[in-house]
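Presented below is the structure to which this report refers.
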Amino acid sequence: MSHNTVKDIVNMVRDEDVAFIRLQFTDIFGTLKNVAITPSQLLRALSGKVMFDGSAIEGFVRIDESDMFLVPDLDTFAIFPWRPQRGKVARMICDVYKTDKTPFEGDPRFVLKKAIAEAEKDGYTLNVGTECEFFLFRTDDEAKPTTETNEQAGYFDLGPVDFGENARRDIVLTLEEMGFEIETSHHEGAPAQHEIDFHYDEALKTADNIMTFKLAVRTIARQHGLHATFMPKPRAGVDGSGMHLNFSLHDKRDGRNLFANGANLGSISEETMYFIGGIMQHIKGMSAILNPIVNSYKRLIPGYEAPVYISWGAQNRTPLIRIPYAEADEGLRIELRSPDPAANPYLALAACLMAGLDGIRNKIMPPEPITGNVAKMTDEERAVLGIGQLPGTLIEAIGEFERDAFVREVLGEHISVRYIEAGKREWDQYSAQVTEWEIAQYLNKL
């Protein structure tokens, strides 16, 4: 893999007629932020001397410790295809540093890099592929987003039934122009719902790609007069949007996929079993990270395709964790189906990687795999098999996060404390609302 140098960046900015550079970073809640510069400030930026007010970013720092510096990752330099081609706009994703030149512990990208370093000490690298779903809705006369759509398309439908086909095509072409390898794109199960899958990569690159993917999807959708939302459950009565994560663990020395071992379920490698065991052990504590908002838990309910019960299996689409196919080749992976696209990808991947490593280090075996439809089992059948259930609300998930010291340690005290505070604050605000459902249900009766 080639790496950019300062000279490479300077030359690309000059040769490509770049007039504006966005220095991007992500807050602890997964919101993309940026500070913009012109080429006159490029060398200063490349030296890590661009400062910003960290107290202005929710969950970062107090006003008395607000000075932060952005240090660009030179390998993330990319030009936005949707911006003018004269006086182009480029971006670099940055790490956040404190005034003493040490990494800021509240930077989600730092949390993931720390987890990756832990894996490398054990001789592992993690590859991650994503299946990211979203909705394309109409906007109103003032260009504000709605949850309205006129289409009734379903799985794998095409135009003219699929009204978002042209927007989805342009999103794919834009992403490919930015260097993405798009594997598939299609209409999803709910009206106006779509999925685009891009090729797996190492964990940090995948997290960066998810942030870029969201920006590109929203931008191109707006050019088509549509609003793209990654809200997990924007409409009742239909499937919500997930962000399935596909993991494969590799030997750092030779790149060998350590999950690939044997042609049937009985000969899956020990690393695979332990990795699954670690994720299952910590999944409740990780739920507040993988499903971070009140709305996340409107998706994780029985009767829809999202997982609810903590189980695993091979060639079975109903469990929380599945092995898409149990073949002895380098493509073997495990798929975690609970995460949704509201999750901060840096924190989500860090938590999953460390949970899997905990499983390997402590030889945590998962329970027996599920062969039937876990959603159609009775509560008694699930109880006999020891199948637990994911948290049903955000406040339950926050409570599980508070009880799981391991997951909190992965995120660090700085992020954990602020994450808990924010989750409880969101739940309190939500609980204080009087919804339209309550009005319709009770106003006339009581």
Side-chain angles (χ1 to χ4, degrees), residues 115 118-119 121-128 203 244-252 256-287 289-290 307-339 348-375 377 379-391 400-401 403-410:
E118 279 289 307
K121 282 197 303 185
D122 288 0
Y124 305 126
T125 60
L126 182 73
N127 280 349
V128 185
H244 297 181
L245 298 176
N246 294 270
F247 302 114
S248 59
L249 196 68
H250 296 255
D251 190 308
K252 182 184 174 185
R256 181 170 50 91
N257 183 357
L258 298 174
F259 287 171
N261 180 34
N264 55 61
L265 188 60
S267 61
I268 286 174
S269 71
E270 287 186 341
E271 288 92 346
T272 311
M273 299 293 287
Y274 296 149
F275 200 94
I276 291 172
I279 288 181
M280 291 183 72
Q281 177 148 310
H282 294 291
I283 190 63
K284 289 186 178 181
M286 294 193 297
S287 289
I289 309 303
L290 305 178
V308 176
Y309 304 105
I310 302 172
S311 59
W312 76 282
Q315 298 181 337
N316 182 347
R317 290 184 176 274
T318 65
L320 168 72
I321 298 171
R322 79 182 190 103
I323 298 178
Y325 50 89
E327 296 178 0
D329 65 19
E330 286 302 300
L332 190 70
R333 66 189 191 275
I334 66 172
E335 179 184 358
L336 179 62
R337 300 176 57 247
S338 63
L349 296 190
C352 290
L353 171 55
M354 291 305 296
L357 283 183
D358 187 47
I360 292 173
R361 288 169 173 174
N362 293 293
K363 301 186 185 307
I364 301 172
M365 284 294 291
E368 289 298 310
I370 298 300
T371 56
N373 187 335
V374 66
M377 294 178 181
D379 291 341
E380 292 75 16
E381 288 172 330
R382 285 189 288 266
V384 168
L385 294 171
I387 297 174
Q389 189 164 338
L390 293 173
E400 295 288 353
F401 178 61
R403 286 187 284 275
D404 195 321
F406 178 85
V407 178
R408 293 200 319 275
E409 185 179 355
V410 172

Please name the pair of heavy atoms, one in I289 and one in A348, separated by the smallest distance, quoted to 0.1 Å.
CG2-N, 3.8 Å
Which of L258, I334, N257 passes side chain to side chain contact (heavy atoms under 4.5 Å, CB included) with T272? It is I334
Other residues, nucleotides and ligands only: do more than 12 of their heavy atoms fall within 6.0 Å of CD on E381?
yes
Sorted by chain and residue number, the side-chain contact (heavy atoms from CB on, under 4.5 Å) partners of K252 (sequence neighbours excluded) come out as E120, T125
To the nearest 0.5 Å, tell me how far L249 CG sits from R333 CZ.
15.5 Å
Passing option when M354 is tested against V410, V407, L349 for side chain to side chain contact (heavy atoms under 4.5 Å, CB included)
V410
When the side chains of residues 279-287 are checked against the rest of the protein, which donor-acceptor pairs come out under 3.5 Å, sequence neighbours left out?
unit_1, atom_1, unit_2, atom_2, d
H282, ND1, D404, OD1, 3.4
H282, ND1, D404, OD2, 2.9
H282, NE2, D358, OD2, 2.8
S287, OG, I283, O, 2.9

Rounded to the nearest 0.5 Å, what's the gap from CD1 on I321 to OG on S338? Could you check?
8.0 Å
Applying salt bridge (charged side-chain N to carboxylate O under 4.0 Å, His left out) to E118 and not counting sequence neighbours gives K121, R361
Grab the two heavy atoms, one from P319 and one from G313, that are nearest each other, plus how far apart they are.
CG-N, 3.8 Å
Residues at least two apart in sequence or cross-chain that pass side-chain contact (heavy atoms from CB on, under 4.5 Å) with V374, listed by chain then number, are Y309, S311, T318, I370, M377, R382, I387
Residues forming a salt bridge (charged side-chain N to carboxylate O under 4.0 Å, His left out) with R337, sequence neighbours excluded
none
Spacing of CZ belonging to F259 relative to CD belonging to E271, to within rounding of 0.5 Å
8.0 Å
What's the spacing between Q389 CD and I310 CD1 if we round to 0.5 Å?
8.0 Å
May I ask you to test the L353-F247 pair for a side-chain heavy-atom distance under 4.5 Å?
no
Nearest 0.5 Å, please: how far is CD1 in I323 from CG in N246?
11.5 Å
Under 3.5 Å donor-acceptor, W312 side chain and L336 backbone
no
Evaluate C352 against L290 for side-chain contact (heavy atoms from CB on, under 4.5 Å), listing each step before the verdict.
CA-CA 9 Å; C352 290; L290 305 178; 4.0 Å; yes
Are any of the side-chain heavy atoms of M365 and Y274 separated by less than 4.5 Å?
yes
Could I get the full list of side-chain contact (heavy atoms from CB on, under 4.5 Å) partners for R403, not counting sequence neighbours?
E400
